[in-house]
Amino acid sequence: MPDEEDNKSTEGGRRIAVLGEMLELGEEALEGHRAVGRMAAENGVDLLVAVGGDLAKQLALAAGAAGVPEVAMVADNATAAAFVNAQLRPGDVVLTKASRGGQLWQVAQVLTGQPVTGLEGNH
């Protein structure tokens, strides 16, 4: 599939999504996480890193089943940041998203060389 590879290089690299649990969904949590996994596939995510516990696992499983080529599951932000940092190639684009309580901005801070802050450091 050379055409697909050519398109990725002209677009600037891979699409990497680091997604955490959405803690405020209540009864909709299970299906909401599965829907996000499917949406990642629909939007051409090349590598999805799910951060957290059981709900993140459901997100990861749904993403893989829907066609995301590479899926990883990690327990915490530090592990996610180290994993993504080791995977990064020039031109890759990284999206981080979760509930505020997931503090996934920490992954972005590590990847961009900023000091890592917690909830109290983000007012």
Side-chain angles (χ1 to χ4, degrees):
M1 291 191 238
D3 291 336
E4 186 176 311
E5 205 54 44
D6 289 344
N7 288 341
K8 287 189 180 194
S9 64
T10 59
E11 291 174 8
R14 299 172 301 163
R15 294 178 182 184
I16 300 172
V18 183
L19 304 176
E21 294 175 322
M22 300 169 282
L23 305 174
E24 62 284 316
L25 296 182
E27 292 179 14
E28 303 296 320
L30 183 59
E31 182 49 38
H33 286 80
R34 289 176 177 163
V36 169
R38 291 188 297 269
M39 189 182 309
E42 292 167 8
N43 285 285
V45 169
D46 299 299
L47 168 61
L48 184 137
V49 180
V51 183
D54 291 337
L55 291 172
K57 181 178 180 180
Q58 292 301 313
L59 192 157
L61 289 170
V68 174
E70 294 182 66
V71 178
M73 178 76 206
V74 299
D76 57 55
N77 292 345
T79 305
F83 178 78
V84 172
N85 203 29
Q87 300 294 317
L88 278 179
R89 300 177 195 156
D92 285 350
V93 175
V94 180
L95 166 78
T96 61
K97 185 67 180 125
S99 292
R100 182 170 162 77
Q103 302 182 62
L104 277 189
W105 63 77
Q106 294 174 337
V107 174
Q109 289 172 325
V110 169
L111 295 177
T112 58
Q114 299 176 45
V116 175
T117 60
L119 284 172
E120 66 282 346
N122 286 299
H123 294 287

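All figures in this text were calculated on a predicted structure; none of them were measured in a lab.
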Under 4.5 Å between side-chain heavy atoms, hopping through other hydrophobics if needed: is there a path connecting L47 to L19? no
Closest heavy-atom contact between A50 and A56? CB-O, 3.4 Å
So, the side chain of E70 versus the backbone of L48: is there a donor-acceptor pair under 3.5 Å, distance only? no
Run the side chain to side chain donor-acceptor pair (under 3.5 Å) test against E24 and tell me which residues pass, sequence neighbours left out. S99
Minimum-distance pair of heavy atoms, taken over all atoms of Q109 and V116: OE1-CA, 3.3 Å
Using side chain to side chain contact (heavy atoms under 4.5 Å, CB included) as the criterion, list what pairs up with A66, not counting sequence neighbours. R38, A41
Apply side chain to side chain contact (heavy atoms under 4.5 Å, CB included) to N85 and list each qualifying residue two or more places apart in sequence or on a separate chain. L88, L111
Who are the side chain to side chain donor-acceptor pair (under 3.5 Å) partners of Q114, not counting sequence neighbours? T112
State, yes or no, whether a side-chain contact exists between R34 and L30 at a heavy-atom distance under 4.5 Å. yes
Would you mind reporting whether D92 and V84 have side-chain heavy atoms less than 4.5 Å apart? no
Same apolar cluster: V74 and V71, side chain cutoff 4.5 Å: no
D46 side chain vs I16 backbone, donor-acceptor pair below 3.5 Å: no
Measuring only between side-chain heavy atoms, which start at C-beta, is F83 closer than 4.5 Å to V18? no
Sorted by chain and residue number, the side chain to side chain contact (heavy atoms under 4.5 Å, CB included) partners of D76 (sequence neighbours excluded) come out as A78, T79
Quick check: closest heavy atoms across R15 and N43, and the distance to 0.1 Å? NH1-O, 2.6 Å
Is the backbone N or O of L55 less than 3.5 Å from a side-chain atom of E21, with the two atoms forming a donor-acceptor pair by type? yes
Among the clusters formed by ILVMFWY side chains lying less than 4.5 Å apart, do V49 and V68 turn up in the same one? no
Would V94 and L104 show up in the same hydrophobic cluster when neighbours are defined by side-chain heavy atoms closer than 4.5 Å? yes
Measure across G102 and L23 and return the closest heavy-atom pair with its distance rounded to 0.1 Å. N-CD1, 4.4 Å
Under the side chain to side chain contact (heavy atoms under 4.5 Å, CB included) test, residues paired with K57 that sit two or more places apart: L61, M73
Going through the distances and angles, do V36 and M22 end up as a side chain to side chain contact (heavy atoms under 4.5 Å, CB included)? CA-CA 10 Å; V36 169; M22 300 169 282; 3.6 Å; yes
